[in-house]
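Okay, so here's the structure we're looking at.
Sequential numbering from 1 along the given sequence is applied to the chain's residues.
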Amino acid sequence: MTQSALAARVGLGQSRVSHLELNARELSVEQLLAWCAALGLELAIGTRGSAAVSTGPSTGWRHGASIA
């Protein structure tokens, strides 16, 4: 998805999306949740080092990311 397309979905300008990609610490929780929804992602929070547990239908793959 392009920055412009994401920006349109979350109600930001493309330049703001670009800025937040480069400065992720400035992204609010509200914005993070909006981005996840716009991208069709689900945010899961757990203890460090634990594997993510899905309660939804299995898609046959897992994708995870860690923000330090």
Side-chain angles (χ1 to χ4, degrees):
M1 175 177 298
T2 66
Q3 289 178 346
S4 295
L6 177 60
R9 287 187 182 194
V10 297
L12 297 173
Q14 179 275 325
S15 62
R16 182 66 179 155
V17 170
S18 177
H19 175 82
L20 290 170
E21 284 184 352
L22 297 172
N23 301 283
R25 293 184 188 267
E26 295 179 21
L27 189 67
S28 71
V29 172
E30 182 179 4
Q31 288 171 322
L32 176 60
L33 293 173
W35 284 32
C36 288
L39 296 169
L41 301 174
E42 180 180 276
L43 179 64
I45 300 174
T47 57
R48 285 182 186 244
S50 67
V53 177
S54 174
T55 58
S58 175
T59 59
W61 62 275
R62 290 181 186 256
H63 177 80
S66 175
I67 299 175

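Pairs passing the side chain to side chain donor-acceptor pair (under 3.5 Å) check and including a residue from residues 2-11, sequence neighbours excluded, read Gln3-Gln14, Gln3-Glu21.
Taken together through direct or relayed side-chain contacts under 4.5 Å among Ile, Leu, Val, Met, Phe, Trp and Tyr, Met1 and Leu27 form part of one hydrophobic cluster.
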Scan the side chains in residues 29-38 for donor-acceptor partners under 3.5 Å anywhere in the protein, sequence neighbours excluded, and list what turns up.
unit_1: Gln31; atom_1: OE1; unit_2: Ser28; atom_2: N; d: 3.0
unit_1: Gln31; atom_1: OE1; unit_2: Ser28; atom_2: OG; d: 3.4

